[in-house]
Every structure is written in C-alpha cells, then in structure tokens.
Amino acid sequence: MPRSQKIALALMAAFFLLAPLVLYPVFLMKAMCFALFACAFNLLIGFGGLLSFGHAMFLGTAGYAAAHAAKVWGFPPEFAILFGTACAALLGLVTGLLAIRRQGIYFAMTTLALAQMIYFYYLQAAFTGGEDGIQAVPRGMLFGFIDLSNVWAMYGTVFVIFMGGFLLVYRTIHSPFGQVLKAIRENEQRALSLGYDVNRYKMLAYMLSATLAGLAGSTKALVFQLASLTDVHWSMSGEVVLMTLLGGLGTVFGPVVGAFIVITMENYLAQLGAWVTISQGVIFVICVLAFRRGVVGEIGNFLKKPL
Amino acid sequence: MTEIFGVPTQALFGQLLIGLINGSFYALLSLGLAVIFGLLNIINFTHGAQYMMGAFVAYLLGSKLGLGYWWSLLLVPPIVGATGMLIERLMLSKLYKLDHLYGLLLTFGLALIIQGLFRNEFGTSGLPFSMPAELSGGRNLGFMFLPNYRGWVIVASLVICLGTWFVIEKTKLGSYLRAATENPALVQAFGINVPRMITLTYGFGVALAALAGVMAAPIYQVSPQMGADLIIVVFAVVVIGGMGSILGSILTGFGLGIVEGLTKVFYPEASNTVIFVIMAIVLAAKPAGLFGTQK
C-alpha cells in the first residue's frame, strides 16, 4: 500500500471512529452502509469497466432476506447478515450469467431491466410486505452476547463490517486478479488474445460486487430495522452510480467520499422534495461534462499520488 | 358468451387491444432510441422524460393557449425536438470521443432534472387530457368494441414507424445517415455536414418521443413520472430486438405489447414482468437480440 493510501486509510478510520462524538450515529451508520455499497459498485465499473444500472437489486434482496431471516425465522444477527449476503451472491450468479453475455451499453440496460423485474416481483410477493416493507426487524444479540439494540454496539459492528469490506475490495483490486480485470477494462480483445478467460473474470468480479453490495444491504436492514422497496427501486441503482461518479470512478477512496456527500445532501435537502432529484441530476451532468475524475480523483491528481 | 381457452372473447380482445396500444408506444420509443443510437452511439436515457415533456407541452398548449389536440400533434414534436437539439449541441456533442457510458450517465442526469422540475411544478398526481372530439366514441367491429381514439393511435404509430423505416432505408437522406453510422469521417470527407446531421438526428429521435407523449396524453394521465418506468421496459424491448435493425425494433415493440396484453388475460400476476422474463430468455438463447448482430 503506497504511503498516501495508508494515510488516507488511517484518516478514514479515525473519522468514522471519532465522528459519532459530533454527528448522529445512525446517520454515520447509513453513510458507512452506502459507502460499502458504492465500493462494491466501484469494483465493477472502476476496475472491470462494467456499468451495472441494477445494483439496487443486490442491496434490496439482501435487505429483505436478512430482515426476513431475523424477524420470521429468528436468526441471530450474524447469520441473518450472512444469509442476506448469500442471497445477493446467488442473485449475482443468476443475473450475471445473463448480463455478462452483452457488453457496454447493453450490459447497463440488461442489468437495469433485470433489476426492474426483481422490483416488480418484490412489489407483489407476500413476504416483502409490499409498500409497507418488513418493519420492526429485531437487531438481536450478536454472537449471543453483544446486544445490538445498544447503538454503540451496532455502530462498532457496522464499522467492522465496513472496514472489512473496504479492505477486501482493496485487496482484490491490487491482486493479480484485479490487474487482469483492469487489463480487460483497458482492452478486452488483447486480454482475450493473451489467453485470459475474459468472461470468467468478469463473472467473478460481478459476483464479488453483488456479494459485497448484499453485505451492505443486510447490514443496513439491521441498522434501520427495515427492509423496503426503496432499496430495490431503480432510483437507488442510479444513486450508487452517482456516489461513485462523484467520488471518483476507479479510485480507492472515491466511493466512500461520494457516498458521504450524497447521503449528507439527501439528509439536508429531504424536506425540499423534488429538489433532491434535481440536484442529483445536476451533479450527474456536471460530473460527466467537467469533473470526470471525481472529488478524490481530482485530489489525487493534484497531489500526484494514488488515492 | 363465446370463449377461447376458457377466456371470454370480449376480455381477450380487450386485452389484445391494450397490448397493441402499449406496443405502439414501445415501437415508437424504441424506434427513436435505435435511430439515436445508430448515429450517436448513445443510449438516450432522457427518452422517457422527453416523452413526458411531449404530453406536458400538449397539456400546456391546451390549457394556456387553447390549442387543441391536432395543433399539439403538429407543434409539440418540433418544440420538444428543438430542446433536444439544444441538449445535443451544448452537452452530448462534448462526449463523442469518450466511452459511450458517459452519454448514458449524462442523459440519466438530465432525465432526473427534467422529471424533478416537472414534479416541482405540477405535483405527482396525473392531469386529465381530453380526447379530440373527432375521435371520441367508438365502433362495433362485430367481435369487439373499438374506441376510435385507440384505433387512431395504433394506425398513426404504424404509419409513423413505417414512414421512418422508409426514409432511413429507401431515400437518399437515409443513405447518408446509414453511411455516417458506418464511417462518419469518410462521409464528412465527401462534403456532408455530419455534426449537423447528428444534431438533426437527435432532434428527430426526441421529436418521436414527444409525439408518442402527445398520443399517450388522452389515454394515460399526464404526470411527471409517466416516462420513468416506461423507459425501462423500452430498454428491455431494445435488448430483446437488438438495435441493428429499424424494422426489427418496430416488430419487437408491437409484438411484445401483444404478448404483454395476452399475459394479462392468462396469468395477470406476471404481466409486469413478462417482458423482462422474455429478455432473460432471449439473452440466454441469442445474446445479440432477435434482430441484432453481435459486434
């Protein structure tokens, strides 16, 4: 890990450890869940060059699965989270096998359409509770002795999950696997001619991304004790694209910064209704036209250091 | 009452008609997407918002200026098309050298802005739009009752689709367009103003969406969200058909509308998802789409 990234990692960890002294912890937990979600998404687009416009299906599916497991089956939280994550991984396997068959723009449209199909399924399915969602999900006792209804226990758990997911993404990007993924992004034909089974690499990246998005979704369901249709809707898929784009596509810390900014903005603009959507659209347009490196990408470029 | 497969014919034909109507809109919208994609290599995510704009501009022309349906049909496509050309000149034209995905992201952002602005101004509830008096009422076809307006929508969209196909495939202008799709640099070298052609093509695609919006206004309610979910279905239609062929996207549009209508009769729970399921099957069997060629 280069020194610049070590410093950034230490700063990020320190921020999330100290911030609850001044900021509302539930807000920070939300930010960490979305940051993990955006990191998972960035793994796919930033390093594999695959734009998924349906990532909400993994977040939402895992949320529903974890909430159902915890509330109806009485799973302890660690198993509820694992179960939700496994469901997202399975969904990643099935949708990946279909979506990987098309490239570029078609991949984006396919994932969007698949996610919409999942959305309509959850809208009608009995176990999701339709418009109400699954409410009052018990947080339970982690490993049988840590009571997660205590906000600090919950905060610590979310922090550990977020840091674990973040480091896993970091490790993946910098492994030989991640390097091949980058090669595929830069020039797919050339990677193919060098003997790499391109589709297998893409599939693995897609599944890993789905799994981590699922981890974020299950954790979020326990934090808010709620799984609802919002998390499966296409606008959520758009939001994670926005977070990653704003923070910096293909940067290590970009998605975290992007997620934090977008969540903060939503928090403060919430009472203004449609202005949240409008300002998100404006940020999209500005980022694409004039700011394609994103916040962290620009900082890294200015410091001439990888971030 | 007569029945087919245990379903009353009245219900069957009624749903088939709704399917054909939906199919008309799928065809018009996917046609516009295909025309734009052909030349610009951009998937126009704003298409749904521009369809909604078409309906709203028609509504505003009616309520503020007192202009009727037929005037709207004539005026709305050029008005909304002009805003499209402005977007192309000011924003999209800056992105042609970049990865195609940026075009998708930009148009997605624009769709959010447009839908948000209309929601701020008009709220989320639908606004009524009255049918033109000439097309109210209906006729009895013997086996079913056909409201005149719905018949008009189906015929009009068929004519527009086939007209577009004719212009692109059979005229000199269309041959320039197809040549520019293949190799813009060479066409430019022959003295044709390709950037202007791109602007006009985008404007035309947007005008098609707006026209669809005007035709949809009396059937569906005019609301800011009317295009948002529709465009995702149209994306699935485009993935199923493949964007290589104009005639292909027209056929897929109408065909899927009918399939959706039939699903409502035989298995209503799946009517929202059937197009996506078909997409999954087509992707598994023929990844390039029914009429597409894999590049």
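To find a chain, count down the sequence lines: A is the first, B the second, and so on, and within it residues start at 1.
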Inter-chain contacts: residues 271-279 of chain B against chain A, heavy atoms under 4.5 Å = B/Asn272, B/Thr273, B/Phe276, B/Val277, B/Met279

Apply side chain to side chain donor-acceptor pair (under 3.5 Å) to A/Thr61 and A/Tyr122, showing your working.
-> CA-CA 9 Å; A/Thr61 297; A/Tyr122 287 146; 2.9 Å; yes

For B/Leu283, is it the side chain, the backbone, both, or neither that has a heavy atom closer than 4.5 Å to a heavy atom of chain A?
-> both

Which atom of B/Ala280 lies closest to which atom of A/Leu98, heavy atoms considered | O-CD2, 3.3 Å

Quick one: are the ring centres of B/Phe56 and B/Phe118 less than 6.0 Å apart?
-> yes

Between A/Phe53 and B/Phe108, is the ring centre distance below 6.0 Å?
-> yes

What are the two closest heavy atoms between B/Gly126 and B/Ser223, and how far apart are they?
-> CA-CB, 3.9 Å

B/Phe45 versus chain A, heavy atoms under 4.5 Å apart: side chain, backbone, both or neither?
-> side chain

Within residues 235-250 of chain A, residues adjacent to chain B where the heavy-atom gap is under 4.5 Å = A/Gly238, A/Val241, A/Leu245, A/Leu249

So which residues of residues 275-296 of chain A are in contact with chain B at a heavy-atom cut-off of under 4.5 Å?
-> A/Trp275, A/Thr277, A/Ile278, A/Gln280, A/Gly281, A/Val282, A/Phe284, A/Val285, A/Val288, A/Leu289, A/Arg292

Say whether B/Arg89 and B/Thr199, considering side chains only, have a donor N or O and an acceptor N or O under 3.5 Å apart.
-> yes

Going by atom types alone, do A/His55 and A/Thr111 pair a side-chain donor with an acceptor below 3.5 Å?
-> no

Nearest atoms (heavy-atom pairs only) where B/Ala212 meets B/Leu29 = CB-CD2, 4.3 Å

Any idea which of B/Asp229, B/Val233, B/Val238 has the most non-hydrogen atom pairs under 4.5 angstrom with chain A?
-> B/Asp229

Go through the atoms of B/Leu110 and report whether side chain, backbone, both or neither lie under 4.5 Å from a heavy atom of chain A.
-> both

Looking only at side chains, do A/His233 and A/Thr230 share a donor and an acceptor under 3.5 Å apart?
-> no

Provide the closest heavy-atom pair for A/Ala40 versus A/Ala213 in the form atom of the first, atom of the second, distance.
-> CB-N, 3.6 Å

Can you see which heavy atom on A/Gly130 is nearest to which on A/Leu229, and at what distance?
-> O-CD1, 3.5 Å

Between B/Leu104 and B/Ile42, is any pair of side-chain heavy atoms under 4.5 Å apart?
-> no

Heavy-atom distance under 4.5 Å to chain A: side chain of B/Tyr102, backbone, both or neither?
-> both

With B/Gln50, the side chain to side chain donor-acceptor pair (under 3.5 Å) member among B/Asn44, B/Thr83, B/Thr107 | B/Asn44

Who pairs with A/Glu188 by salt bridge (Lys or Arg N to Asp or Glu O under 4.0 Å), at least two apart in sequence or on another chain?
-> A/Lys202

Residues A/Ser52, A/Tyr206; criterion side chain to side chain donor-acceptor pair (under 3.5 Å); working and verdict = CA-CA 9 Å; A/Ser52 157; A/Tyr206 185 81; 5.2 Å; no

